[in-house]
Each structure stands twice: as C-alpha cells, then as structure tokens.
Amino acid sequence: QLILWGRTEKCLKETCEEIKLMGTECHYFLCDVGNREEVYQQAKVVRERVGTATPESRAPYTEKGGTAVFTVTEMSWRSLAVTTSLSPQTTKAFLPRMLELQNATWCVSTSVLSQSSIPGAIDYCTSKASSFAFMESLTLGLLDCPGVGTTTVLPFHTNTEMFQGMRVR
C-alpha cells in the first residue's frame with residue numbers, strides 16, 4: 001500500500017486514483033512537511049487510520065531558482081530548508097516502527113539534478129543534492145538492520161507547473 005502526503009489535495013487525489021486503478025491500495029493525507037509538528041501529528045493519524053506505513057518522500061519544491069546565489073528569493077530559502085529537514089523529520093516519525101517490524105522499504109524520489117546541476121536552478125539542485133546525500137547516509141546506516149531497505153528514485157523531467165514552459169533538448 002502507498003501513503004501520499006502533500007499540501008495540494010487535487011494532485012494527491014488524482015495521483016491516488018491513478019495508483020488505485022493500477023491495483024495498489026493507496027491513501028493520501030494533507031500535510032505541510034515544512035511544519036515539524038504537523039509531520040509528527042500526521043504520522044500518528046496515518047498509523048491510526050491505515051496502520052503501519054512505509055513512507056515514500058518526494059522532496060518538495062515550490063519555486064524556480066535564479067542564476068546565482070544573490071538571485072535566490074526568500075521562498076527559495078524556505079524550500080531549501082523544508083527539503084533539507086523533510087527526510088530527517090519523516091524518518092524520525094516512521095523509522096522506529098519500520099525497524100521494529102523488520103519489513104519495510106524507505107523510498108525517496110528526488111531528482112537526477114541531485115547529481116548534475118543545471119544553470120538557473122541553484123536552489124533546486126542544492127535541495128535535491130541534500131535529499132540524495134541524506135538517503136545515501138541512511139542506506140549505509142541501515143545495512144545492519146534486517147528487513148529494512150531503501151530506494152532512491154532519480155527522475156529526469158516531470159510535467160509539473162514548476163517546469164511549465166521548460167524545453168528539454
């Protein structure tokens with residue numbers, strides 16, 4: 001089963017329905033992952049309503065970046081802070097139970113841009129690199145934990161509002 005979190009109900013609902021059509025049980029919950037207390041509160045709600053969950057995290061991002069550090073906006077800095085704190089917060093909320101059950105996979109979707117940056121996306125690439133580094137460290141930290149694994153997904157280009165108008169060669 002899959003549990004989806006996010007701030008946009010429309011997107012969550014559509015994605016959840018697509019997943020259900022493929023035959024996989026799916027639930028979604030509204031959660032601002034930039035709010036630590038809300039993460040812990042929603043983790044409790046998920047456990048109460050669905051049972052044990054294996055979270056899949058997709059590092060959030062809300063704004064296109066600039067060409068240099070001095071063009072990065074306040075919203076960009078918030079996005080960096082949220083993305084950097086997302087994995088530790090959700091890990092703290094779910095990993096203890098996953099270790100107890102010894103039957104789970106921690107999955108994070110970040111971006112290929114965590115490995116190869118592009119001009120005009122300094123904040124985006126930095127946040128994705130942070131997410132990737134966290135997963136690499138978590139993977140190594142879990143090597144001696146039976147039944148608990150990790151998966152890091154690095155998609156190339158997604159058709160979202162953030163990339164609207166972007167042309168890929």
Side-chain angles (χ1 to χ4, degrees), residues 2-8 11-12 15 28-46 53-99 104-145 148-169:
L2 287 174
I3 309 295
L4 307 176
W5 277 12
R7 294 182 300 163
T8 310
C11 293
L12 289 169
T15 303
Y28 72 89
F29 297 86
L30 293 177
C31 182
D32 178 359
V33 296
N35 180 326
R36 181 182 326 189
E37 291 308 313
E38 190 170 337
V39 167
Y40 299 146
Q41 179 184 6
Q42 283 300 95
K44 182 179 177 186
V45 169
V46 168
T54 299
E56 183 275 335
S57 300
R58 192 177 80 114
Y61 191 78
T62 58
E63 184 177 332
K64 293 180 182 175
T67 56
V69 175
F70 59 84
T71 63
V72 177
T73 66
E74 192 61 38
M75 181 61 90
S76 298
W77 289 117
R78 174 164 162 60
S79 295
L80 283 165
V82 167
T83 302
T84 303
S85 66
L86 170 66
S87 293
Q89 288 177 180
T90 53
T91 301
K92 184 177 178 183
F94 288 100
L95 190 59
R97 181 71 175 144
M98 293 167 65
L99 292 170
T105 300
W106 187 268
C107 179
V108 169
S109 176
T110 182
S111 171
V112 71
L113 295 179
S114 68
Q115 303 297 291
S116 179
S117 299
I118 60 172
I122 191 170
D123 45 358
Y124 181 83
C125 296
T126 301
S127 71
K128 297 306 177 181
S130 170
S131 178
F132 182 80
F134 180 86
M135 283 303 292
E136 288 292 291
S137 296
L138 181 63
T139 299
L140 293 173
L142 292 173
L143 288 177
D144 293 329
C145 299
V148 179
T150 62
T151 300
T152 305
V153 181
L154 302 172
F156 172 65
H157 179 74
T158 54
N159 187 18
T160 64
E161 287 179 23
M162 187 187 112
F163 292 105
Q164 197 169 39
M166 181 180 166
R167 291 185 358 204
V168 179
R169 288 188 269 159

> Any side-chain heavy atom of Val108 sitting closer than 4.5 Å to one from Thr150?
Replying inline: no
>> Are Leu95 and Leu138 packed together at the side-chain level, in the sense that at least one heavy-atom pair is separated by less than 4.5 angstrom?
In response: yes
>> A side-chain contact here means heavy atoms from C-beta on lying under 4.5 Å apart; do Thr110 and Met135 qualify?
In response: no
>> Rounded to the nearest 0.5 Å, what separates atom OH in Tyr28 from atom CD1 in Ile3?
In response: 12.5 Å
> Measuring from Asp32:CG to Gln42:CD, what's the distance to the nearest 0.5 Å?
Replying inline: 10.5 Å
> From Gln115 CD over to Leu113 CG, what is the distance, rounded to the nearest 0.5 angstrom?
Replying inline: 10.0 Å
> Considering only heavy atoms from C-beta outward, does the side chain of Phe134 approach that of Thr91 to under 4.5 Å?
Replying inline: yes
> Side-chain contact, heavy-atom cut-off 4.5 Å: Phe132 with Thr152?
Replying inline: yes
>> Could you check whether any side-chain heavy atom of Ser114 comes within less than 4.5 Å of a side-chain heavy atom of Ser131, counting everything from C-beta outward?
In response: no
> For Cys31 and Glu38, which heavy atoms make the closest approach, and how far apart are they?
Replying inline: CA-OE2, 3.3 Å
> If you take all heavy atoms of Thr90 and Trp5, which pair is closest and at what distance?
Replying inline: CG2-CZ3, 4.0 Å
> Can you tell me how far the CG atom of Leu142 sits from the CH2 atom of Trp106, to the nearest 0.5 Å?
Replying inline: 10.0 Å
